[in-house]
Amino acid sequence: MRDYDEVVEVVYAWQQPEPAGGVPARDLPDEDLLRELAALHRTRHDTLRHGSDQSLAHHTERLAELESDYLRRHPTREIDPARLRPT
């Protein structure tokens, strides 16, 4: 169990704004890159529907940065044949 000071520190850190743009995608370990991608994909719909123009632009920019870096790292990623459409 965490003591009070640890809990306060975690809550304080959680409430602090992220640095503008976040950590550059190229500097993130794979695990963090995937975690950030998942978080952005989860929040995309709400950002599109309810975010300001600036928020949507930032979201789009960050998502593109993270996805591009993922594809750079995994150029031969596993493609699910069930997700392919006939040409």
Side-chain angles (χ1 to χ4, degrees):
M1 179 178 221
R2 293 182 173 189
D3 68 17
Y4 179 79
D5 291 336
E6 282 181 293
V7 172
V8 169
E9 187 175 319
V10 168
V11 170
Y12 177 77
W14 176 74
Q15 291 176 340
Q16 297 308 302
E18 259 188 43
V23 175
R26 70 182 172 281
D27 296 339
L28 291 170
D30 280 350
E31 184 178 312
D32 292 343
L33 176 67
L34 289 172
R35 180 182 42 76
E36 287 216 18
L37 275 169
L40 282 174
H41 284 128
R42 273 193 315 276
T43 60
R44 183 62 182 178
H45 186 75
D46 282 341
T47 304
L48 174 65
R49 292 197 58 220
H50 307 293
S52 65
D53 290 344
Q54 181 182 6
S55 177
L56 181 59
H58 175 73
H59 203 277
T60 301
E61 207 174 280
R62 182 65 171 168
L63 189 58
E65 176 193 7
L66 294 171
E67 286 180 343
S68 294
D69 205 66
Y70 177 83
L71 293 172
R72 179 188 63 78
R73 295 179 195 194
H74 305 281
T76 58
R77 70 192 191 285
E78 185 178 320
I79 306 296
D80 180 354
R83 302 227 11 145
L84 300 175
R85 294 185 178 155
T87 55

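All values reported here derive from a predicted model rather than from experimental measurement. Along the sequence shown, the residues carry numbers beginning at 1.
Residues His41 and Glu67 form a side-chain contact, since some pair of their non-hydrogen atoms from C-beta on lies under 4.5 Å apart. Within the 4.5 Å cutoff, side-chain heavy atoms of Glu65 are placed close to those of Pro24. Within the 4.5 Å cutoff, the side chain of Arg44 has heavy atoms near those of the Thr60 side chain.
Note that the CD atom of Glu31 and the CG atom of Leu33 stand 11.0 Å from one another [nearest 0.5 Å]. Between Leu37 atom CG and Asp32 atom CG the span is 11.0 Å, to the nearest 0.5 Å. Here OG of Ser68 is found 11.5 Å from CZ of Arg73. Values are rounded to the nearest 0.5 Å. Between atom CG of residue Leu71 and atom OG1 of residue Thr76 there is a gap of 11.0 Å, rounded to the nearest 0.5 Å. A distance of 8.5 Å separates CG in Asp30 from OH in Tyr70, rounded to the nearest 0.5 Å. For the atom pair CZ of Arg42 and OG1 of Thr47, the computed distance is 11.5 Å after rounding to the nearest 0.5 Å.
Within a 6.0 Å radius of CG in Asp27, more than 12 heavy atoms belonging to other residues, nucleotides or ligands are found.
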Report task. Could you go through the side-chain contact (heavy atoms from CB on, under 4.5 Å) check for Arg35 and Leu28 one step at a time? Result -> CA-CA 10 Å; Arg35 180 182 42 76; Leu28 291 170; 5.7 Å; no
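Ion pair Arg49/Asp46 not flagged as a salt bridge, since none of the NZ, NE, NH1 or NH2 atoms sits closer than 4.0 Å to an Asp/Glu carboxylate oxygen. Here Glu36 pairs with Arg62 in a salt bridge; the nearest charged N to carboxylate O distance falls below 4.0 Å.
Leu48 and Leu63 are members of different hydrophobic clusters when ILVMFWY side chains are connected at heavy-atom separations under 4.5 Å.
Between the side chain of Thr43 and the backbone N or O of Leu40, at least one donor-acceptor pair lies under 3.5 Å.
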